[in-house]
Amino acid sequence: MEMPFVAIAATKEMRSCRILGLTNENASDKTGAGSEARVTHQKHPAGRIALGMSGGVDSAVSAALLMRAGYDVVGVTCRFQDNAAADCAAADAAAVCALLGIPHVERLCVAGFEREVVQPFATAYVQGLTPSPCVGCNACCKLPGLLEAAEELGCDRVATGHYARIVQLVDTGRFAVLTALDVRKDQSYMLSLLSQDQLSRLVLPLGGTTKTEVRILAADLGLPVAEKPESQDVCFIDGDYRTFLSQRGVTDEPGLIVDRTGKVLGHHEGLSGFTIGQRKGIGIAAPEPYYVVEKRVDSHELVVGYASDAQAVSVRLGKVNWQAITCLEGPEDASVKLRYRSTPAPCIMEPEPEGGVRVVLRSPQPTTAPGQFAVFYRGSTVLGGGMIEEVSSV
RNA sequence: UGGCCCGUCGUCCAACGGCAGGACUCUGGCUUUUGGUGCCAGCUAUCGGGGUUCGAAUCCCUGCGGGCCAG
């Protein structure tokens with residue numbers, strides 16, 4: 001046993017591929033004391049790996065699973081911020097590593113995080129976009145940081161606690177992301193910007209497990225973070241969104257709330273407080289709920305409409321990062337997620353100049369906001385993803 | 001200041017003289033590595049004063065406040 005690859009049955013979408021994961025990651029194995037005993041006495045047959053540890057339960061359990069699979073695991077906590085929360089996260093990760101008996105290192109990534117994630121986030125709001133910082137963070141900050149750490153630590157692979165799977169397609173040799181088996185926790189969307197190089201070295205121990213199993217395993221192992229709640233909200237904003245944005249120079253000006261016909265319905269205190277598709281917080285009583293359908297940055301107008309107006313029929317993407325396929329040569333069918341937790345919707349991908357893609361939805365979908373990512377799927381395979389630049393509703 | 005309508009949650013609208021209900025807003029919760037959506041729950045009202053009645057949002061009188069025809 002020298003490579004951690006597992007062949008899986010061919011699916012309709014993929015003629016064949018191999019999962020880059022763990023040899024014993026199957027759900028049925030969670031109590032498999034037998035196989036566990038078999039691997040623990042071996043001398044790291046799977047090699048040395050740098051595991052990104054956030055301090056949460058997912059990465060903690062990932063460490064244990066990697067160890068079971070025969071990896072020589074080094075816990076790496078990237079410090080994206082210099083504050084108490086980061087101290088706390090790092091301390092939790094260190095405690096887990098200590099308990100598991102593996103080394104733990106911290107890595108300072110504050111400058112890179114600021115440059116690649118935080119500033120672009122604020123800039124997006126100035127432009128009237130609704131950014132999705134985690135997508136960019138994974139590709140431009142988290143993975144690069146981990147890979148650098150791996151280099152320094154002599155690791156040939158890296159791992160994270162994302163719920164998704166990675167495969168290598170036999171036909172083309174390309175690496176692709178698959179959805180997690182636990183569809184409720186699937187995070188493949190968040191990995192859609194990863195490059196081939198990043199994917200080729202990434203191992204995702206949790207792709208074949210469920211959150212429930214992870215919690216159970218964490219408890220069985222006595223991990224101190226077993227009960228830690230799910231992360232949510234933007235990690236670098238603790239507290240008031242508005243305050244954060246204003247500290248970042250995002251000036252917010254009041255403006256009118258109008259409907260599609262131009263009728264004035266009310267006032268708002270700043271466009272950055274709204275995202276397209278949003279329902280709550282508009283503050284206008286009407287026969288039906290209003291949704292934000294447009295933000296007019298120049299005139300500071302917020303355009304609202306009923307649910308029937310808050311539908312997208314097509315979106316235009318900037319440069320798309322292709323994963324399972326090399327490029328798009330002509331129109332092709334796929335499914336697309338227009339927001340992280342939305343259901344993939346049937347669509348046609350049409351190539352546009354400079355790597356862009358026009359996405360024509362087979363049927364109208366609840367609208368989405370420029371700045372969000374559209375991620376293409378074929379079955380459970382991620383084809384690629386790109387940032388939404390324009391949403392068409394007619 | 002002649003005649004006629006109408007005053008009910010924050011908003012819009014219901015309720016044969018018999019427990020004031022809904023929608024929207026708002027608030028809280030669930031869900032969630034993007035304040036989105038969605039789901040669940042909750043708060044809040046009969047314009048004031050008299051009367052009739054066992055009982056009034058409802059009927060009568062009156063005041064106040066809107067609106068519409070008149071001039």
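Heavy-atom basis, side chains included; hydrogens, waters and symmetry copies ignored. Chain naming here is simple, since letters A, B, ... match the order of the sequence lines and numbering starts at 1 in each.
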> Over how many whole Å does the gap from A:K142 atom NZ to B:U34 atom C1' extend?
Replying inline: 13 Å
>> List the residues meeting side-chain contact (heavy atoms from CB on, under 4.5 Å) with A:E332, not counting sequence neighbours, and say none if there are none.
In response: A:L328, A:M349, A:R378
>> Using a strict threshold of under 4.0 Å (side-chain N to carboxylate O), is an ion pair present between A:R248 and A:E114?
In response: yes
> Between A:R339 (CZ) and B:G36 (P), how many Å, whole number?
Replying inline: 8 Å
> Sequence neighbours excluded, which residues qualify as ring pair (Phe, Tyr, Trp, His ring centres under 6.0 Å) partners of A:F236?
Replying inline: A:F113, A:F121, A:F244
> Which of residues 109-123 of chain A sit near RNA chain B, with a heavy atom under 4.0 Å from it?
Replying inline: none
> Are the side chains of A:L202 and A:F175 in touch, meaning some heavy atoms are under 4.5 Å apart?
Replying inline: no
>> If you take any heavy atom closer than 4.0 Å to RNA chain B, which residues from residues 266-280 of chain A end up in contact?
In response: A:S272, A:T275, A:G277, A:Q278, A:R279, A:K280
>> Using a 4.0 Å heavy-atom cut-off, does A:P131 contact any base of the nucleic acid, only the sugar-phosphate backbone, or nothing at all?
In response: base
>> Would you say that more than 12 heavy atoms from the other residues, nucleotides or ligands in this model lie under 6.0 Å from the CZ of A:R184, or not?
In response: no
> Without hydrogens or angle criteria, can the side chains of A:S188 and A:D186 be said to hold a donor-acceptor pair below 3.5 Å?
Replying inline: yes
Using distance only, find each side-chain donor-acceptor pair of residues 350-362 of chain A under 3.5 Å and give its atom names and separation, not counting sequence neighbours.
from, atom 1, to, atom 2, distance (Å)
A:R358, NH2, A:S314, OG, 3.2
A:R362, NH2, A:D333, OD1, 2.5

> Which part of the nucleic acid, if any, lies within contact of A:G281, taking any heavy atom under 4.0 Å across all strands shown: a base, the sugar-phosphate backbone alone, or nothing?
Replying inline: sugar-phosphate
>> On RNA chain B, compare the nucleotides closest to A:S342 and A:G283; which residue's is nearer the 5' end?
In response: A:G283
> Hey, does A:V293 have a side-chain heavy atom less than 4.5 Å from the side chain of A:T367?
Replying inline: no
> Considering only B:U25, B:U37, B:G35, which nucleotide approaches the side chain of A:Y291 most closely?
Replying inline: B:U37
>> Holding to ring pair (Phe, Tyr, Trp, His ring centres under 6.0 Å), I want the full list of residues that pass it with A:Y377, two or more places apart in sequence or in another chain.
In response: none
> Partners of A:Y290 by ring pair (Phe, Tyr, Trp, His ring centres under 6.0 Å), sequence neighbours excluded?
Replying inline: A:Y306
>> Should the side chain of A:Q372 and the base of B:U34 be counted as holding a donor-acceptor pair, with the cut-off at 3.5 Å?
In response: yes
>> How many whole angstroms separate atom NZ of A:K211 from atom P of B:C30?
In response: 16 Å
> How many Å lie between OH on A:Y163 and C1' on B:U31, as a whole number?
Replying inline: 15 Å
> Of A:M190, A:Q187, A:Q198, which meets side-chain contact (heavy atoms from CB on, under 4.5 Å) against A:N138?
Replying inline: A:M190
>> Please give the stem ranges for RNA chain B, sorted by first residue number, where a stem is three or more consecutive Watson-Crick or G-U pairs and both donor-acceptor distances are under 3.5 Å.
In response: B:2-7 with B:64-69, B:10-13 with B:21-24, B:26-30 with B:38-42, B:47-51 with B:59-63
> Taking only residues two or more places apart in sequence, or in another chain, which ones meet A:R242 in a salt bridge (charged side-chain N to carboxylate O under 4.0 Å, His left out)?
Replying inline: A:D252
>> For a quick check of understanding: with a heavy-atom distance under 4.0 Å over all strands, which category does A:C134 fall into, base, sugar-phosphate or nothing?
In response: base
>> Output the rounded distance in Å from CG (A:D309) to P (B:U37).
In response: 16 Å
Pairs under 3.5 angstrom only: tabulate donor-acceptor contacts from the side chains of residues 123-130 of chain A to other protein residues two or more places apart or in another chain.
from, atom 1, to, atom 2, distance (Å)
A:T123, OG1, A:Q119, O, 2.9
A:T130, OG1, A:T275, OG1, 2.5

>> At 4.0 Å (heavy atoms only), tell me whether A:I282 reaches a base, stays on the sugar-phosphate, or touches nothing.
In response: sugar-phosphate
> Rounded to whole angstroms, how far apart are CD1 on A:I388 and C1' on B:G36?
Replying inline: 12 Å
>> What is the separation between atom CG on A:L338 and atom C1' on B:U37, rounded to the nearest whole Å?
In response: 12 Å
> Who passes ring pair (Phe, Tyr, Trp, His ring centres under 6.0 Å) against A:Y291, sequence neighbours left out?
Replying inline: none
> Where the side chain of A:A286 is defined as all heavy atoms beyond and including C-beta, which of B:C24, B:U37, B:G35 is the nearest nucleotide?
Replying inline: B:C24
>> Nearest heavy atom decides the nucleotide; on that basis, is A:R184 or A:K295 closer to the 5' end of RNA chain B?
In response: A:R184
> Distance between the C1' atoms of B:G50 and B:A56, in whole angstroms?
Replying inline: 14 Å
> So do the side chains of A:I325 and A:R174 get within less than 4.5 Å of each other, counting heavy atoms only?
Replying inline: no
>> Could you tell me how far apart A:L129 (CG) and B:G36 (P) are, to the nearest whole angstrom?
In response: 17 Å
Could you run down the sub-3.5 Å N/O contacts of the protein with nucleotides 6-9 of chain B?
none

>> Over all strands shown, is A:D58 touching base, sugar-phosphate only, or nothing at heavy-atom distances under 4.0 angstrom?
In response: nothing
